[in-house]
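Notes for the one structure printed next.
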Amino acid sequence: MSNEPSAPAVEPENLPAAAVPASFLGKFTVVFGAVRELWIVFAYVVMSNLAYMLVVLTLSLWLSSDLGYSDVKAGWWVTTWTAGMTLCVVLVGSLTDALGLRKTFLLGCTLCIVPRLFMTFAEAKVLVLGSLLVLAMGEALGAPVTVAALRRYTTTAQRSIAFSLFYALMNVGYGLAGYMFDFVRQNLGETGRLALPGLGVGLSTYRTVFLVSLLFYIPCLLLVYFWLRDGVEATDHGVEITADKPKYPHARLAEAFGLTVRDTLRATGRIFIGLWRQPGFYKFLAFLSLAAFIKMIFTHMYFTYPKFGIRELGDGAPIGRLWAMNNFLIVFLAPLVGVLSQRISAYSMAIWGSLVASSSVFIMAMQPHWFQPLADGWLGHSIAHVWLGVNGQVNPYYVMIFIYVLFLSMGEAIYSPRLYEYAAAIAPKGQEASYMALSSLPFFLAKLCMAPLSGVLLAHFCPAHGPRHSGTLWLIIGLTTMVAPVGLFLFQGLIRVKEAGRDG
């Protein structure tokens, strides 16, 4: 990568773009004039989220199949990983400020590639599990630095559509991961091996998924290293290129990271102590604590659902494609719901959306034979035979999962975009960043409680061998998630605030 000038420079070919385009089509095409860094970030979003979701879908299966852990012990490792990743997010903002966008992207890619190498090829458990913890740090760097980059690389007119594209492309990456997850498993089998000519080693099915995940991160690293420029910022007057000014210019990377962590912990501590003195902060935590219960549906879909699906539907079942339907539906449903509900308050949308999402789980708690007529009819044929390519009689769980994911996606499209909008509305003016910096705390605590439940539920109600009572598993999950809509409704008098420009 060539050295950039230290003084600000304006690229003459980039015209001012302060005004929002008047035409409907222009609001979308305005992004075509963005700097190349924005398109690099978009490519990074698709590939990195695809790679991330491949690990998420495979993690619990790999811990049990390759490392020999029970469902319960695998659940605890999942807890360590996902909760640690959530906690690391708190540090990312200051780290990005200290290192700059390009260096943070490079660090994140490295911390995602190297652990994947060990998880794919290493045999010693200490190396493999240690790599898992490092991977949590790398993945934690991804989304926050991407959001910062989207703001840096867009003009005022481009920003809104850029963030919409980011959300859509993230879901595209997630959805493609479901298809690749199924492709590897269906070609190798759940307990198969991939021979690597010339290396003298064979990879298990789940390590092969990690290898695919690794291969998608390599282009991310190359794109950032060779084509992402230092100090680029898109403004309404053109593109300015200035040298990044690190917070600790004379410190090495490891030392700068340590100093950044120290400063962040101190700053977070000061913010945290100060916020507890504000009545509004209690409303903020109460709202997010209740919302965390509905978000835990996705923890179960990532770590409980894969084992459940394989055990109930058989080896190689296309469970990834069934779940990927959620991601592709969200791409279309979220913007549509957003347009249709602009006048409805975020709090009301959170109640109704979480009610629809949590209620959908109870479909999975019903008796499968109730859905056998649908499975034997046109719906089961369309889902299993035409779409998923399943042969023979259709297991009613295919229909149940399809209907469940459909309604879950509708609920998510209603509540998900509004959760942080409402959290930002609670925060006092000028303290939005402080509030949002600690917004992951309830989700961190919820993951500590809920992620181990995944392994316990599987061990008791959906074991690999022996009688299964999967309906009870989903009933418990459904009752847990219902805490969100019920709590938001019952306690709205205590935690609800007036939202500007909203009817109710």
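The residues of the chain are indexed from 1 along the displayed sequence. Everything numeric in this text was worked out from a predicted model, so none of it was measured. Quick note: numbers below take in every heavy atom, side chains included, and nothing from hydrogens, waters or symmetry partners.
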request  = Tell me, yes or no, whether the heavy-atom count around Tyr179 atom OH, taken from other residues, nucleotides or ligands under 6.0 Å, exceeds 12.
outcome  = yes
**OP:** Please state whether the rings of Tyr44 and Phe105 are parallel, tilted or perpendicular, taking 30° and 60° as the class boundaries.
**Re:** perpendicular
Side chains of Glu312 and Asn395: is there a donor and an acceptor less than 3.5 Å apart?
no
Query raised in the report: Any side-chain heavy atom of Tyr398 sitting closer than 4.5 Å to one from Phe371?
Result: no
message: I'd like to check Leu107 versus Leu141 (side-chain heavy atoms, cut-off strictly below 4.5 Å). Are they in contact?
response: yes
- Going by heavy atoms in the side chains, are Trp474 and Met366 under 4.5 Å from each other? no
Is the shortest side-chain heavy-atom distance between Tyr415 and Met349 below 4.5 Å? no
All heavy atoms of Met53 vs all of Ala177, minimum pair found to be CB-CB, 3.6 Å
Rounding to 0.5 Å, atoms CZ (Phe308) and OG (Ser470) come to a distance of 5.0 Å
Taken in chain and number order and not counting sequence neighbours, the residues that satisfy side chain to side chain contact (heavy atoms under 4.5 Å, CB included) with Trp378 are Ser382
* To do: Kindly indicate whether the side chain of Tyr174, heavy atoms from C-beta on, has any atom under 4.5 Å from the side chain of Tyr52.
  => yes
N/O donor-acceptor pair under 3.5 Å between Asn171 side chain and Val331 backbone: no
So CZ of Phe303 and OG of Ser454: to nearest 0.5 Å the spacing works out to 8.0 Å
Hey, mind stepping through Trp76 and Val72 against side-chain contact (heavy atoms from CB on, under 4.5 Å) and telling me if it holds? CA-CA 7 Å; Trp76 279 108; Val72 175; 4.1 Å; yes
Test your reading of the model: is there a side-chain donor-acceptor pair from Asp182 to the backbone of Gly320, 3.5 Å cut-off?
yes
| query | Do the rings of Phe298 and Trp323 sit parallel, tilted or perpendicular, given the 30° and 60° boundaries? | reply | tilted
d(Ser65 OG, Ile310 CD1) to nearest 0.5 Å is 9.0 Å
OG of Ser354 to CD of Glu412, rounded to nearest 0.5 Å, is 12.5 Å
Looking only at atom types and distance, does a side-chain atom of Thr208 sit under 3.5 Å from a main-chain N or O of Ser204, one as donor and one as acceptor? yes
Arg207 and Thr58: side chain donor to acceptor below 3.5 Å | no
Exercise. Between His385 and Gly392, is there a donor-acceptor pair closer than 3.5 Å when you use the side chain of the first and the backbone of the second?
Worked result: yes
So Thr480 and Ile297, side-chain contact (heavy atoms from CB on, under 4.5 Å) or not? Walk me through it. CA-CA 9 Å; Thr480 303; Ile297 290 180; over 6 Å; no
List the steps, then state whether side-chain contact (heavy atoms from CB on, under 4.5 Å) holds for Trp387 with Leu322.
CA-CA 10 Å; Trp387 175 33; Leu322 276 169; 3.9 Å; yes
message: Regarding Glu190 and Thr205, do their side chains bring together a donor and an acceptor under 3.5 Å, going by distance alone?
response: no
Ser64 meets the side chain to side chain donor-acceptor pair (under 3.5 Å) criterion, sequence neighbours left out, with Lys307
Nearest heavy-atom contact between Trp77 and Leu63 is CB-CD1, 3.8 Å
Result for side chain to side chain contact (heavy atoms under 4.5 Å, CB included) between Leu54 and one of Leu214, Leu211, Val209, Leu176 points to Val209
Going through the checks in order, is the side-chain contact (heavy atoms from CB on, under 4.5 Å) test met by Val134 and Val114?
CA-CA 9 Å; Val134 176; Val114 174; over 6 Å; no
Side chain Arg496, main chain Tyr347, donor-acceptor under 3.5 Å | no
Smallest heavy-atom separation, Leu132 atom then Met119 atom, equals CD1-CE, 3.8 Å
Does Ser360 use its side chain to pair, donor to acceptor, with the backbone of Ala357 at less than 3.5 Å? yes
In this structure, CG of Leu150 is separated from CG of Leu165 (nearest 0.5 Å) by 9.5 Å
So CE of Met301 and CD1 of Ile477: to nearest 0.5 Å the spacing works out to 9.0 Å
**Prompt:** Looking only at atom types and distance, does a side-chain atom of His381 sit under 3.5 Å from a main-chain N or O of Gly377, one as donor and one as acceptor?
**Reply:** no
Should we count CZ of Phe328 as having more than 12 external heavy atoms under 6.0 Å? yes
Nearest heavy-atom approach of Ala413 to Leu333 is CB-CB, 3.6 Å
ask   = Does Thr82 use its side chain to pair, donor to acceptor, with the backbone of Val78 at less than 3.5 Å?
value = no
field: Charged tip of Arg185 within 45° of Phe183 ring normal and under 6.0 Å
entry: no
Closest non-hydrogen contact found for Ala317 with Gly309 is CB-O, 4.4 Å
Would you check if Tyr305 and Ile401 make a side-chain contact, meaning some heavy-atom pair closer than 4.5 Å? yes
Is there a donor in the side chain of Ser358 and an acceptor in the side chain of Thr481, or the other way round, less than 3.5 Å apart?
no
In short, Cys112 meets Tyr217 closest at the heavy-atom pair SG-OH, 3.5 Å
Applied to residues 125-143, the side chain to side chain donor-acceptor pair (under 3.5 Å) test, sequence neighbours excluded, yields Arg116-Glu139
Show your reasoning for whether ring-ring contact (aromatic ring centres under 6.0 Å, His included) applies to Trp62 and Phe210. CA-CA 10 Å; Trp62 165 73; Phe210 289 157; 5.0 Å; yes
message = Counting only heavy atoms not in Tyr69 (residues, nucleotides, ligands), do more than 12 fall under 6.0 Å from its OH?
response = yes
